[in-house]
Amino acid sequence: GIFVYRPYGYAIWENIQKIMDAEFKKCGVENVYMPMLIPESLLQKEKDHVEGFAPECAWVTMGGSEPLEGASLELHYADMAKDAIALMEQLRIREYDVVGYSDGGIVALLMAMRSRAVRKVITIGANTSPAGLSFRARFMMKRAYSAAEKRGDARTMELQRLMLEEPDITLNDLAKIIAEVTVVLGEKDPFIKRQHSEQIAFAIPHGSHTLVPGAGHGIPETHPDDL
């Protein structure tokens with residue numbers, strides 16, 4: 001777990017340490033600092049106990065810009081949606097609305113496809129396949145991938161690969177969404193094709209499309225009032 005101690009609380013903790021340490025020293029006890037990271041192999045020994053805390057468990061898979069041995073850097077939008085749904089179930093939230101921007105918008109659509117708990121969705125600047133990206137967007141992603149490859153940045157390479165190859169959401173998939181979905185796109189979005197964005201909205205039974213005048217891709221930052 002991770003704790004945050006504010007000044008007053010930390011002062012109490014310091015006093016506890018001071019008093020207890022004096023008592024420990026009387027018994028000949030020597031202080032040590034134990035590792036704060038637990039190997040997965042040891043955690044698996046307590047998997048039955050840990051299972052309920054799985055959504056709160058953070059995994060370290062990178063050492064610098066390189067993946068650790070045995071760790072996977074693979075990213076998939078479907079996994080992100082699955083994890084988000086699992087978290088809401090763990091929190092026992094039976095119904096909820098989802099707002100997603102860019103990649104988050106893709107995840108929001110996948111969540112609506114997979115869970116009836118999703119009531120409403122606002123997806124901003126999202127695509128349902130790489131074909132929905134503009135030539136400029138694909139060019140920038142490929143260039144970023146090549147630059148990351150040259151410097152050995154595996155994480156950035158995987159992020160660019162994800163956007164160039166996924167998602168793969170069909171019109172039939174969208175037609176199965178029962179949630180109310182508002183698809184938002186900037187009038188001057190340089191990365192998402194307008195026709196593609198409109199098709200997403202029209203394919204969803206309770207879908208609608210909103211174009212934000214004068215906006216580019218970063219609507220939440222540049223046009224928060226319009227949003």
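Position 1 is the first residue of the sequence; numbering continues from there.
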Participant: Just by modelled atom types, is the Thr128 backbone N or O under 3.5 Å from a matching donor or acceptor in the His196 side chain?
Facilitator: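 Side chain of His196 to backbone of Thr128: a pair is present.
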
Participant: Minimum heavy-atom separation for Leu162 to His76, with atom names?
Facilitator: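 Minimum heavy-atom separation between Leu162 and His76: CD1-CA, 3.8 Å.
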
Participant: Under a 4.5 Å cut-off applied to non-hydrogen side-chain atoms, are Ile219 and Tyr101 in contact?
Facilitator: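 When only atoms from C-beta onward are counted, Tyr101 and Ile219 do not touch, as no gap falls below 4.5 Å.
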
Participant: Counting only N and O atoms by type, is there a donor-acceptor contact under 3.5 Å from the side chain of Arg136 to the main-chain atoms of Pro190?
Facilitator: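 Side chain of Arg136 to backbone of Pro190: no pair is present.
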
Participant: Run the side chain to side chain contact (heavy atoms under 4.5 Å, CB included) test on Leu185 and Thr210 for me, step by step, so that the C-alpha distance in whole Å, both residues' side-chain angles and the decisive distance to 0.1 Å come before the verdict.
Facilitator: CA-CA 6 Å; Leu185 185 72; Thr210 297; over 6 Å; no

Participant: Taking atom CD of Glu221 as the centre, report whether more than 12 heavy atoms of other residues, nucleotides or ligands fall under 6.0 Å from it.
Facilitator: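 Incorrect, the count does not exceed 12.
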
Participant: Hey, could you give me the CD/CZ distance between Glu89 and Arg92, rounded to the nearest 0.5 Å?
Facilitator: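 Reported to 0.5 Å precision, the distance equals 12.0 Å.
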
Participant: Do side-chain atoms of Glu149 reach the backbone of Met157 as a donor and acceptor pair under 3.5 angstrom?
Facilitator: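 No, Glu149 side chain to Met157 backbone: no donor-acceptor pair under 3.5 Å.
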
Participant: Taking the side chain as every heavy atom from C-beta outward, state whether Glu180 and Val121 have any atom pair closer than 4.5 Å.
Facilitator: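 In short, these two side chains do not touch, never coming nearer than 4.5 Å.
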
Participant: Give a yes or no on whether Leu227 and Leu109 share a hydrophobic cluster (residues Ile, Leu, Val, Met, Phe, Trp, Tyr; joining criterion: side-chain heavy atoms under 4.5 Å apart).
Facilitator: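 Cluster IDs for Leu227 and Leu109 differ.
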
Participant: Hydrophobic clustering (ILVMFWY, side-chain heavy atoms < 4.5 Å, transitive) - are Val99 and Val118 grouped together?
Facilitator: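 Val118 does not cluster with Val99.
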
Participant: Would a single hydrophobic cluster contain both Leu75 and Ile169, if residues Ile, Leu, Val, Met, Phe, Trp and Tyr are joined by side-chain heavy-atom contacts under 4.5 Å?
Facilitator: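 Yes, same cluster.
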
Participant: Counting C-beta onward and ignoring hydrogens, is there a side-chain heavy-atom pair between Val184 and Ile122 closer than 4.5 Å?
Facilitator: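 They are in contact (side-chain heavy atoms under 4.5 Å apart), so the answer is yes.
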
Participant: Is there a donor-acceptor pair closer than 3.5 Å between any side-chain N or O of Thr222 and the backbone N or O of Gly218?
Facilitator: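 Pair found, side chain donor or acceptor close to backbone of Gly218.
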
Participant: Is the backbone N or O of Gly104 less than 3.5 Å from a side-chain atom of Ser102, with the two atoms forming a donor-acceptor pair by type?
Facilitator: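 Judged by distance alone, no pair lies under 3.5 Å.
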
Participant: Return the minimal non-hydrogen interatomic distance between Pro167 and Pro130, and the atom names on each side.
Facilitator: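 Looks like O-CD, 3.2 Å.
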
Participant: Hey, what's the ring geometry for Tyr5 with Trp13, parallel, tilted or perpendicular (30° and 60° as the breaks)?
Facilitator: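 Because their plane-to-plane angle is under 30°, the rings of Tyr5 and Trp13 count as parallel.
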
Participant: For the CD atom of Glu165 and the CE atom of Met141, what is their distance to the nearest 0.5 Å?
Facilitator: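 Going from CD on Glu165 over to CE on Met141, the span is 12.0 Å.
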
Participant: Using the salt bridge (Lys or Arg N to Asp or Glu O under 4.0 Å) rule, take Glu30 and Lys25 through it: C-alpha gap first, then chi angles, then the decisive distance, then the call.
Facilitator: CA-CA 7 Å; Glu30 295 180 334; Lys25 292 291 174 53; over 6 Å; no

Participant: Between Ile192 and Leu133, does the side chain to side chain contact (heavy atoms under 4.5 Å, CB included) criterion hold? Intermediate values first, please.
Facilitator: CA-CA 5 Å; Ile192 306 296; Leu133 297 172; 3.8 Å; yes

Participant: For Phe191, give me all partners under ring pair (Phe, Tyr, Trp, His ring centres under 6.0 Å), at least two apart in sequence or on another chain.
Facilitator: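 Listed in chain order: His217.
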
Participant: Mind checking the OG-CD1 spacing from Ser129 to Ile200? Nearest 0.5 Å is all I need.
Facilitator: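 Rounded to the nearest 0.5 Å, the OG-CD1 separation comes to 8.0 Å.
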
Participant: Minimum heavy-atom separation for Ile204 to Ala179, with atom names?
Facilitator: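 Shortest heavy-atom contact: CG2-O, 4.3 Å.
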
Participant: Is the shortest side-chain heavy-atom distance between Thr156 and Arg151 below 4.5 Å?
Facilitator: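 Yes; the side chains approach each other to less than 4.5 Å.
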
Participant: Does the side chain of Tyr77 reach to within under 4.5 Å of the side chain of Met163, using non-hydrogen atoms?
Facilitator: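 The answer is yes; the side chains approach within 4.5 Å.
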
Participant: I need the Asp153 CG to Gln160 CD distance, nearest 0.5 Å.
Facilitator: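 Between atom CG of Asp153 and atom CD of Gln160 there are 9.5 Å.
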
Participant: Would you confirm whether Thr170, through its side chain, and Asp173, through its main-chain N or O, come within 3.5 Å as a donor-acceptor pair?
Facilitator: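 Looks like yes, one N/O pair under 3.5 Å.
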
Participant: Considering only residues two or more places apart or on different chains, which pairs with a residue in residues 108-122 satisfy salt bridge (charged side-chain N to carboxylate O under 4.0 Å, His left out)?
Facilitator: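 Qualifying pairs, neighbours excluded: Asp97-Arg119.
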
Participant: Can you measure from CG (Leu164) to CG (Leu159) and round to the nearest 0.5 angstrom?
Facilitator: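 That separation rounds to 11.0 Å.
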
Participant: Start with the C-alpha gap between Arg161 and Glu166, add the side-chain angles, then the distance that decides, and say whether side chain to side chain contact (heavy atoms under 4.5 Å, CB included) holds.
Facilitator: CA-CA 8 Å; Arg161 181 214 61 79; Glu166 298 185 23; 3.8 Å; yes

Participant: Is there a path of hydrophobic side-chain contacts, each under 4.5 Å between heavy atoms of I, L, V, M, F, W or Y residues, that connects Val107 with Leu91?
Facilitator: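 Same cluster: Val107 reaches Leu91 through Ile, Leu, Val, Met, Phe, Trp or Tyr contacts under 4.5 Å.
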
Participant: Under a 4.5 Å cut-off applied to non-hydrogen side-chain atoms, are His206 and Val181 in contact?
Facilitator: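 They are not in contact (no side-chain heavy atoms under 4.5 Å apart), so the answer is no.
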
Participant: Are Phe202 and Ile106 connected into the same hydrophobic cluster when the rule is that any two of I, L, V, M, F, W, Y join if their side-chain heavy atoms are below 4.5 Å apart?
Facilitator: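 As far as the 4.5 Å side-chain criterion goes, Phe202 and Ile106 are not connected within one cluster.
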
Participant: Within the supplied structure, the quantity of interest is the number of heavy atoms (other residues, nucleotides, ligands) at a distance under 6.0 Å from Arg138 CZ; does it exceed 12?
Facilitator: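 More than 12 heavy atoms, drawn from other residues, nucleotides or ligands, come within 6.0 Å of this atom.
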
Participant: Closest approach of Ala81 and Leu110, non-hydrogen atoms and distance?
Facilitator: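 Smallest heavy-atom distance, with atoms named: CB-CB, 3.6 Å.
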
Participant: Give, for atom OG of Ser115 and atom CD of Glu95, the distance between the pair rounded to the nearest 0.5 Å.
Facilitator: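 These two atoms lie 10.0 Å from each other.
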
Participant: Under the side chain to side chain contact (heavy atoms under 4.5 Å, CB included) criterion, do Met113 and Lys176 qualify, and how do the steps go?
Facilitator: CA-CA 7 Å; Met113 287 166 47; Lys176 298 175 183 177; over 6 Å; no

Participant: Tell me whether Glu187 contacts the main-chain N or O of Leu211 through its side chain, where contact means a donor paired with an acceptor under 3.5 Å.
Facilitator: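 Not at all, since once roles are kept as given, no pair shorter than 3.5 Å links the two residues.
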
Participant: Is it the case that the side chain of Ser197 and the backbone of Lys193 share a donor-acceptor pair, with hydrogens and angles ignored and the cut-off at 3.5 Å?
Facilitator: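 No: the side chain of Ser197 does not pair with the backbone of Lys193.
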
